[in-house]
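Presented below is the structure to which this report refers.
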Amino acid sequence: MKNKILFFNNLTRKKEIFKSLNKNLVSMYTCGPTVYWYAHIGNLRTYIFEDILKRVLLYNGFKVKHVMNITDVGHLISDADTGEDKIERAAKKEQKSAFEIARFYEKEFKKDLKLLNIIKPDIFVRATQTIKEQIGFIKLLEKKGFTYIIEDGVYFDTSKLKTYGRLWPKKMKILPGKRVEMVPGKKNPTDFALWKFSPIGVKRQMEWNCPWKRPSTNKKTKGFPGWHTECVVMSKKFLGIPFDIHCGGIDHILIHHTNEIAQAEAAFGKILANFWLHCEFLAVGGKKMAKSEGNIFTLSNLIEKGFDPLAFRYLSLTSHYRSKMDFTFESLKASQNALNNIRNFILDLRENKIKEKLSREEKKEINYFKEKFLVSINNDLNTPEALALMWQIIKDNNLKLKQKEILLLDFDRVFGLRLNKLEKEKIPKNILDLIKKREILRKKRAWELADKIRKEIENLGYKLEDTVEGSKVKKIS
Ligand code: AMP
Ligand code: ZN
């Protein structure tokens, strides 16, 4: 029997008990990056949330089949159908080919995932790997009467689908020129491009032959797929329809995911996925972090400033994924300190817990805390509550070190802070020599000189603690 898990499902706008289609296996699709630049830490907050979601499912005993796409074509400057392709624009700017740009930033993205200890998806799929299937899918929509062709490309007629806008808050209206810009010839403001024709006189780097004709020339023309079509085709290809969970950031709710759902319903008469989960924005001074706002930081920017990538992961755990999170370097510093303290606690504990044996009662106590942890994480991924429980355990004087170690490492299966891979930091030789020198002075009761050396060690970034077993040294965090 599986435990009860509650997720806030944006399809119903309610917290619901999670039920997977298959008893033991969860199918999950997460919208991946548009690889035209480095991911910023706002993007990465969403990928960390998705990793926590996956880890919670694994913790609950599920297997997870996880597919993530790489958008290497078709995402335009606006989320609707106007503006240049982000990758083609970056290629011009960096004077590289669109493929070079896409592959370079895909690699960088994967490096970020590794640094953040995000479990690799089972399948990465590039939009450019499924062009044939996308054309086939648009032909199916065409056969079912949901498309029309204008000078700009093949469009989806949203007025033909009664259920259009299933993810929208009630009564929302989209005004032309406001949320969605109007392309000439588009019938309804919410209609969207399934396939865009390459503009006349422009040679795109990424373009493919297609079966459709441009009305003004009545000739077949090259083009490229629309971003919303890519994700339906790729998710269905690897997970079938419906699948269990689809996620992304909240900016995907109104357009991208709405349009994915619409296409799947029109083509197959089915909902694309049963659960839709979205991560709130990472903001700076209340404003969404976005490249266009000029307020972004990349993971490398944080590393350059001396932070550990996992400090950003820890910071992401401190707020619930459905709450807006304001990024500041003060909060990142606090997370770095908290992470250092947990690491030091575990390293100390390893040295001191030797030979502790646990009674039946003490083992029961471990289960009690595990149950509590499960209640938090299974309640729509309440990571702030789960972190608070971890700190409560660390500070609990009635628990044995062995109990604490078991619990912390168990919780880390979800937190992913790599606590099981800690290695005692190597103390440099010059520091070890100074410690030796100080020990000799202390034995000779030359306290003043010994103190001078302690200060020297501190100036070099290390702290000494005198214990009954001798001096212990730690790096100052
Ligand atoms: P993109 O590469 O633009 O397709 O975005 C990748 C992912 O990051 C998507 O799931 C977006 O919804 C998400 N995202 C974009 N900006 C932010 C932000 N400021 N905070 C959290 N997630 C974001
Ligand atoms: Zn997508």
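What you are looking at is a predicted structure, and each value in this text was computed from that prediction instead of being measured. In listed order, ligands and their atoms are each counted from 1.
Nearest non-hydrogen protein atom to atom 20 (N) of ligand 1 is Leu282 N, 2.8 Å. Here the heavy atom of the protein found nearest to atom 21 (C) of ligand 1 is Gly42 O, 2.9 Å. If you check which protein heavy atom lies closest to atom 10 (O) of ligand 1, you get Gly249 N, 3.0 Å. Closest to atom 9 (C) of ligand 1, if we only count protein heavy atoms, is His252 NE2, 3.4 Å.
Inclusion of Ala290 in the set of residues having an N or O under 3.5 Å from an N or O of ligand 1 is not warranted. Residue Cys279 has no N or O atom closer than 3.5 Å to an N or O atom of ligand 1. For the pair Cys31 and ligand 1, the shortest N or O to N or O distance does not fall below 3.5 Å. Taking distance alone, with nitrogen or oxygen atoms compared against 3.5 Å, Thr34 approaches ligand 1 more closely than that limit.
Between the SG atom of Cys31 and the NE2 atom of His256, the angle taken at the Zn ion (ligand 2) works out to 120° after rounding to 10°.
For the pair Lys65 and Phe238, the cation does not sit on the ring face, since its NZ or CZ is not both under 6.0 Å from the ring centre and inside 45° of the axis. The cationic atom of Lys110 (NZ for Lys, CZ for Arg) lies less than 6.0 Å from the six-membered ring centre of Phe124 and within 45° of the ring axis. Cation-pi geometry between Lys305 and Phe329 is met: under 6.0 angstrom from the ring centre, within 45 degrees of the axis.
Residue Lys288 approaches ligand 1 through these ligand atoms, each under 4.0 Å from one of its heavy atoms: 16 (N), 19 (N). Heavy-atom contacts of Met289 reach the following atoms of ligand 1: 16 (N), 18 (C), 19 (N) (cutoff under 4.0 Å). Near Glu280, meaning under 4.0 Å from any of its heavy atoms, are these atoms of ligand 1: 21 (C). When each atom of ligand 1 is checked for a heavy atom of Gly248 under 4.0 Å away, the hits are 10 (O).
More than 12 heavy-atom neighbours from other residues, nucleotides or ligands sit within 6.0 angstrom of NZ on Lys2. Atom NZ of Lys291 has more than 12 neighbouring heavy atoms from other residues, nucleotides or ligands inside a 6.0 Å radius.
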Stepwise side chain to side chain contact (heavy atoms under 4.5 Å, CB included) test for Lys372 and Gln392
CA-CA 12 Å; Lys372 260 187 113 168; Gln392 185 196 326; 4.2 Å; yes

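Proximity annotation for atom 14 (N) of ligand 1: of Thr71, Asn43, Ile70, Ile48, Asn43 comes nearest, heavy atoms only. Of all the listed residues (Thr46, Asp251, Val284), Asp251 holds the heavy atom that lies closest to atom 11 (C) of ligand 1. Comparing Trp227, Phe281, Tyr47 against atom 7 (C) of ligand 1, the shortest heavy-atom distance belongs to Tyr47.
Ligand 1 lies within reach of Pro33, whose nearest heavy atom is under 4.0 Å from it. Between His278 and ligand 1 there is no heavy-atom distance shorter than 4.0 Å.
Minimum interatomic distance between Cys31 and His246 (heavy atoms only, all atoms of both residues): SG-CE1, 3.6 Å.
Results of the ring pair (Phe, Tyr, Trp, His ring centres under 6.0 Å) test with His228 over Tyr155, Phe156, Phe137, Phe192 single out Phe192 as the only residue that passes.
Ring centroids of Phe297 and Phe327 are separated by less than 6.0 Å, placing the two rings close together. A ring-centre distance under 6.0 Å is found for His278 and His257. Checked against a 6.0 Å centroid threshold, the rings of His252 and Trp276 do not count as neighbours. Aromatic ring centroids of Phe373 and Tyr59 lie under 6.0 Å apart.
Distances from the Zn ion (ligand 2) show that Cys231 has an N/O/S atom below 2.8 Å.
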